[in-house]
Amino acid sequence: MNQAAAIAPEFNNGSDLEFTDISSEAWREYRFADGSTVRIDNPLKLNVSDSGGHRIFDAQNRSHYIPGGWLHLSWEAKPGQPNFVR
């Protein structure tokens, strides 16, 4: 495991949104209708909005927003971790 993934950054949630721990995932990838994909390595936190958008915080201290409308979502659990957490 790389050093960035081994030490999780502090998650500072200044919103009233609730986030789920998805740190058991090694990565997740979204596929869109046009064939494009977005891959997020070492995701830590997830919020799913009413519109279907995903807010994700990762181990590189980056925040991502994936708009609803993607066709497919895949991920890989870290060894020994649950395949589904939400």
Side-chain angles (χ1 to χ4, degrees):
M1 177 182 290
N2 69 36
Q3 193 66 15
I7 302 170
E10 181 180 338
F11 179 63
N12 184 353
N13 182 12
S15 73
D16 60 353
L17 301 173
E18 292 187 28
F19 286 79
T20 300
D21 181 347
I22 58 169
S23 61
S24 63
E25 296 179 8
W27 55 265
R28 61 173 36 214
E29 188 170 274
Y30 296 82
R31 183 170 50 97
F32 294 86
D34 66 0
S36 64
T37 60
V38 174
R39 180 181 172 116
I40 299 172
D41 292 317
N42 300 306
L44 300 176
K45 302 283 185 181
L46 168 68
N47 167 269
V48 179
S49 67
D50 291 340
S51 67
H54 285 195
R55 288 174 178 85
I56 301 166
F57 178 71
D58 71 22
Q60 290 74 41
N61 203 32
R62 285 186 231 129
S63 299
H64 307 266
Y65 181 75
I66 308 296
W70 34 271
L71 295 177
H72 182 251
L73 167 62
S74 60
W75 62 88
E76 180 178 306
K78 293 176 181 173
Q81 296 297 312
N83 296 104
F84 292 92
V85 295
R86 179 162 196 245

> Which residues satisfy the side chain to side chain donor-acceptor pair (under 3.5 Å) test with Ser63, sequence neighbours excluded?
Replying inline: none
> Between Ser49 and Leu17, is any pair of side-chain heavy atoms under 4.5 Å apart?
Replying inline: no
> With sequence neighbours excluded, what pairs up with Arg28 under the salt bridge (charged side-chain N to carboxylate O under 4.0 Å, His left out) test?
Replying inline: Glu25
>> Arg31: which residues meet the salt bridge (charged side-chain N to carboxylate O under 4.0 Å, His left out) condition with it, sequence neighbours left out?
In response: none
>> Check for me, please, whether Tyr30 and Phe84 land in the same ILVMFWY cluster - side-chain distances under 4.5 Å, paths through other members count.
In response: yes
> If you look only at pairs with a residue in residues 14-24, which of them pass as a side chain to side chain donor-acceptor pair (under 3.5 Å), with sequence neighbours excluded?
Replying inline: Asn13-Ser15, Asp21-Ser23
> Roughly how far, to the nearest 0.5 Å, is CD1 of Ile40 from CG of Leu46?
Replying inline: 9.0 Å
> How would you list, by chain and number, every residue that makes a ring-ring contact (aromatic ring centres under 6.0 Å, His included) with Phe11, sequence neighbours excluded?
Replying inline: Phe19, Phe57
> Which heavy-atom pair separates Ile22 from Lys45 by the least distance, and what is that distance?
Replying inline: CG1-N, 3.8 Å
> How close do Pro9 and Ala59 get, heavy atom to heavy atom, and via which atoms?
Replying inline: CD-O, 3.4 Å
Could you give the side-chain donor-acceptor pairs of residues 65-77 under 3.5 Å, partners two or more places apart or in another chain?
| residue | atom | partner | partner atom | Å |
| --- | --- | --- | --- | --- |
| Trp75 | NE1 | Asn83 | O | 2.8 |
| Glu76 | OE1 | Trp27 | NE1 | 3.4 |

